[in-house]
2 protein chains.
Amino acid sequence: MDPLRIQGYRLTRQRRLVLETLRDSQEHLDAAAVFERVKAREPRISLATVYRSLALLKETGLVLEDRLGEGHGHFEAAQATPHYHFTCLGCGRVVELQAPRALEAVRELCAAQGLQATAISLHIRGYCIQCQSAETKGEQP
Amino acid sequence: MDPLRIQGYRLTRQRRLVLETLRDSQEHLDAAAVFERVKAREPRISLATVYRSLALLKETGLVLEDRLGEGHGHFEAAQATPHYHFTCLGCGRVVELQAPRALEAVRELCAAQGLQATAISLHIRGYCIQCQSAETKGEQP
DNA sequence: TTACCTGCAAAGGGTTTGCACTTTG
DNA sequence: CAAAGTGCAAACCCTTTGCAGGTAA
């Protein structure tokens, strides 16, 4: 079985489950979360296989890794339009943003310097609306 | 001694050496590299102190941490104008870029969504001029 | 003296790897 | 059969932490 291949690699059940898990999720999952969810459908899978699958899927471009929390990696299925992330330092929420104008500016900048950009990552930290007001209220002495 | 203070913290010899090391270096050093260099001037310093100093200096805003190599952290002394990084996937070189137009676009975007941005990080990966030609040559069959 | 800071060594968390076994072409 | 993929456990790397000893206000 496994007629499907991705760039020469076999699309095994484990790899497919990892990819589907990321596609089905709207969040940015870390490896442990992917493991947990895949394990519900494939109890014998190991965390090592999840990591190996993620690495492979990243290599093929089907999956992207971001370093949101500055700590460990988070993964998401690649989408047609690239998007970027805003992390709220107050509540931890991650907002996805499209930034076509910024992207365009970056592309021009690279072109002007002769740099060939293959991946652009933009990460913004700050406070979302709710946390801005919460912060104001909370920090009054 | 140590009359200088940074935001209530003592500016100890160790902390000063860590900061100076980053200011003197044009590269983006990781903790181990900082440790190595500081150790040349202060052999008794420990890696733990380097990490603690870096955390403290980050907190004061004197030092910035970037996640360039996707793996461990790299540090640099904060400068007046923010800049961003292009990492060449061929040779590993890191090019610093200023991107005022992109920055402006990001700021507008956040403002439009009511997000208060406190830190913006932009990281571009790709190939520098040299590696573009090298790649072309190298990959001819 | 008290509060802050350091060194050391150990622990921690996320990720990778060696190896034997299984699956696939 | 050879090659690719997996599970398990151990190893690994970077980073943080507990604690006892030091340093400074």
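Residue numbers start from 1 in every chain, and the chains themselves are labelled A, B, ... in the order their sequence lines are given, proteins ahead of strands.
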Atom CG of L47(B) to atom P of dC5(C): distance rounded to whole Å? 19 Å
Between the side chains of H28(B) and E65(B), is a donor N or O closer than 3.5 angstrom to an acceptor N or O? no
Find the distance F35(B):CZ to dC8(C):P and express it as a whole number of Å. 8 Å
Of the options dG7(C), dT15(C), dT15(D), whose atoms approach the side-chain atoms of R44(B) most closely? dG7(C)
Taking 4.0 Å as the cut-off, does a side-chain nitrogen or oxygen of T49(B) come that near to OP1 or OP2 on dG7(C)? yes
For a quick check of understanding: with a heavy-atom distance under 4.0 Å over all strands, which category does I45(A) fall into, base, sugar-phosphate or nothing? sugar-phosphate
Can H74(B) and D30(B) be counted as having a side-chain donor-acceptor contact under 3.5 angstrom? no
Look at the side-chain N and O atoms of Y51(A) and state whether any lies under 4.0 Å from the OP1 or OP2 oxygen of dT16(C). no
Here the distance between atom P of dA4(D) and atom CD1 of I6(A), to the nearest Å, is 15 Å
Taking atom P of dT16(D) as reference, at what distance in whole Å does atom NE2 of H72(B) sit? 13 Å
Side-chain donor or acceptor of R52(A) under 3.5 Å from a matching atom on the base of dG7(D)? yes
Please pick, from dT15(D), dT17(C), dA9(C), the nucleotide with the shortest atom-to-atom distance to any side-chain atom of A48(B). dA9(C)
Short side-chain N/O contact from S46(B) to OP1 or OP2 of dG7(C), under 4.0 Å: yes
Can you tell me if Q14(A) touches the phosphate of dT23(C), counting only side-chain N or O atoms and a distance under 4.0 Å to OP1 or OP2? no
Report the distance from atom CZ of R10(A) to atom P of dT6(D), rounded to the nearest whole Å. 9 Å
Atom-to-atom span, CD of Q7(B) to P of dC5(C) - whole angstrom: 13 Å
Look at the side chain of A31(B) and decide which nucleotide, out of dG14(C), dG5(D), dT15(D), has an atom nearest to it. dT15(D)
Ring-plane angle category for H85(A) and H83(A), please: parallel below 30°, perpendicular beyond 60°, tilted otherwise. perpendicular
Rounded off to whole Å, could you give me the CZ-to-C1' distance for the R16(B) and dA24(D) pair? 14 Å
Strictly below 4.0 Å, N to O, side chains only: are E42(B) and R44(B) in salt-bridge contact? no
Using OP1 and OP2 only, check whether a side-chain N or O of T12(A) sits under 4.0 Å from dT6(D). yes
Calculate the interatomic distance between D66(B) atom CG and dC14(D) atom C1'; express it in whole Å. 16 Å
Phosphate-side-chain proximity, R15(B) and dT6(C), N/O vs OP1/OP2 below 4.0 Å: yes
Verify salt bridge (Lys or Arg N to Asp or Glu O under 4.0 Å) between R101(A) and E108(B), making sure each step is shown before the conclusion. CA-CA 10 Å; R101(A) 298 214 318 114; E108(B) 280 175 20; 3.0 Å; yes
